[in-house]
Amino acid sequence: EKARLEEEAKQKAEEEAKAAAQKAEEEEKEKAAAQKAEAEAKEKARLEAEAKQKAEDDAKAAAQKAEAEAKEKARLEAIRAIEERAEQAYQEQQKVEAALKPAETTAETKQQKHAVLVLASVSSGNRNQTTNRLRVLNLMKAHGIDPILLDAADPNHHEKRNRLFEISGIRGNYPQVFVEGRDGEVFLGNYEAIE
């Protein structure tokens, strides 16, 4: 009986030891699985942070590139506008200089000589227009030109004045300078253009 009891006790102890070993093994496996899951979560978070940072960097770089391209486009457009204005100013200057250039003394040029016509409102109370009219007339005289002054306020000149308005496309703003020849009048410009 003693031997049987000892055998049972031994068997029980072995079973308990085996169960404890299995439990410890399971706990170790669970611990390893938890550590693995934690490491995977950390790696996933790191990769997501890197992807987010890369997206932000790419967006910032794209915005900077777009801004630089917009500035360069604006710069080129400004340069083109300046060049166009300079070309227009040059053409206007050439036109005015050609009109003010003293006529040659050949018989042919005498027949083709043009008159310079200044359309202005002599009785206008506008001080700026009066000053500009006097400046234009003085400028003409300084270049040896004796212009024809047409008073826009004179009822006798209204028909011609209106025709000149149609040519220049400007109404009521004086002075306006024209070259008058056999083929009609050609608009040279207003005070600013002549100056």
Side-chain angles (χ1 to χ4, degrees), residues 1-100 119 124-133 135-136 139 162 164-178 186-195:
E1 180 63 19
K2 181 180 179 180
R4 185 183 65 76
L5 293 174
E6 289 177 351
E7 182 65 26
E8 288 180 355
K10 180 181 179 182
Q11 182 68 30
K12 184 178 179 181
E14 289 177 352
E15 290 176 354
E16 289 177 351
K18 184 177 179 181
Q22 289 176 343
K23 183 178 180 181
E25 183 179 358
E26 290 174 357
E27 290 177 349
E28 188 66 26
K29 288 180 178 179
E30 290 177 356
K31 183 179 179 181
Q35 290 175 343
K36 181 180 179 181
E38 182 180 2
E40 290 176 347
K42 288 182 179 179
E43 179 65 12
K44 181 180 179 181
R46 184 185 68 81
L47 293 175
E48 289 177 348
E50 288 181 354
K52 181 180 178 181
Q53 185 63 43
K54 185 175 184 301
E56 291 176 352
D57 292 343
D58 291 344
K60 184 177 179 180
Q64 290 175 341
K65 181 180 179 181
E67 182 180 2
E69 290 176 347
K71 288 181 178 179
E72 179 65 12
K73 181 180 179 181
R75 186 183 71 84
L76 294 176
E77 289 178 350
I79 291 175
R80 282 196 295 269
I82 291 172
E83 290 175 346
E84 289 175 359
R85 287 197 297 269
E87 178 64 21
Q88 290 174 357
Y90 174 76
Q91 295 296 337
E92 290 294 333
Q93 181 182 358
Q94 292 294 103
K95 186 167 64 172
V96 171
E97 290 179 354
L100 297 179
L119 176 64
S124 172
N126 187 310
R127 182 177 299 178
N128 287 336
Q129 291 192 10
T130 300
T131 300
N132 292 344
R133 168 171 55 83
R135 287 178 177 174
V136 166
L139 179 63
N162 292 336
L164 295 176
F165 280 165
E166 292 179 1
I167 295 172
S168 68
I170 303 172
R171 300 184 67 87
N173 188 3
Y174 308 105
Q176 299 181 29
V177 181
F178 301 81
V186 176
F187 179 56
L188 290 183
N190 56 10
Y191 167 72
E192 289 77 8
I194 299 302
E195 186 184 40

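Basis for what follows: all heavy atoms, side chains included, without hydrogens, waters or symmetry-related copies. All residue numbers refer to positions in the sequence shown, counting from 1.
Distance check: Lys42 NZ to Leu47 CG gives 14.0 Å after rounding to the nearest 0.5 Å. Here the straight-line distance linking atom CZ of Arg171 with atom CG of Leu164 works out to 11.0 Å at 0.5 Å rounding. Considering CD of Glu50 and CD of Glu48, their distance stands at 11.0 Å, rounded to 0.5 Å. Glu16 contributes atom CD, which lies 11.0 Å from atom CD of Gln11 (distance to the nearest 0.5 angstrom). Expressed to the nearest 0.5 Å, how far CD of Gln22 lies from CD of Glu26 amounts to 7.0 Å. Of the inter-residue distances, the one linking Glu8 atom CD with Glu15 atom CD reads 10.5 Å to the nearest 0.5 angstrom.
The minimum heavy-atom distance linking Pro175 with Gln129 is given by the pair CD-O, 4.2 Å. Of all heavy-atom pairs between Leu119 and Tyr174, the closest is O-CD2, 3.6 Å. Here the closest heavy-atom approach between residue Val177 and residue Phe187 is recorded as O-CD1, 3.5 Å.
Counting only distance, with no hydrogens or angles, the side chain of Asn132 and the backbone of Arg135 share no donor-acceptor pair below 3.5 Å. Within the 3.5 Å criterion, the main-chain N or O of Ile170 finds a donor-acceptor partner in the side chain of Gln176.
Contact annotation: the side chain of Thr130 approaches that of Arg133 to within less than 4.5 Å [non-hydrogen atoms, C-beta and beyond]. Arg80 has its side chain within reach of Glu77: a pair of non-hydrogen atoms, C-beta onward, lies under 4.5 Å apart.
Evaluated for a side-chain contact (heavy atoms from CB on, under 4.5 Å) with Phe178, the options Leu188, Ile167, Val186 yield exactly one hit, Ile167.
Note on Lys31 versus Glu28: no salt bridge recorded, every NZ/NE/NH1/NH2 to OD/OE distance being 4.0 Å or above. Between Lys29 and Glu25 a salt bridge is recorded (basic side-chain N to carboxylate O distance below 4.0 Å). Ionic pairing of Glu40 and Lys44 is not present here: no N-O contact between side-chain nitrogen and carboxylate oxygen is shorter than 4.0 angstrom.
In the model, Glu166 has no side-chain atom that pairs as donor or acceptor with a side-chain atom of Asn162 under 3.5 Å.
Taking a 6.0 Å sphere around CZ of Arg4, one finds it holds more than 12 heavy atoms contributed by other residues, nucleotides or ligands.
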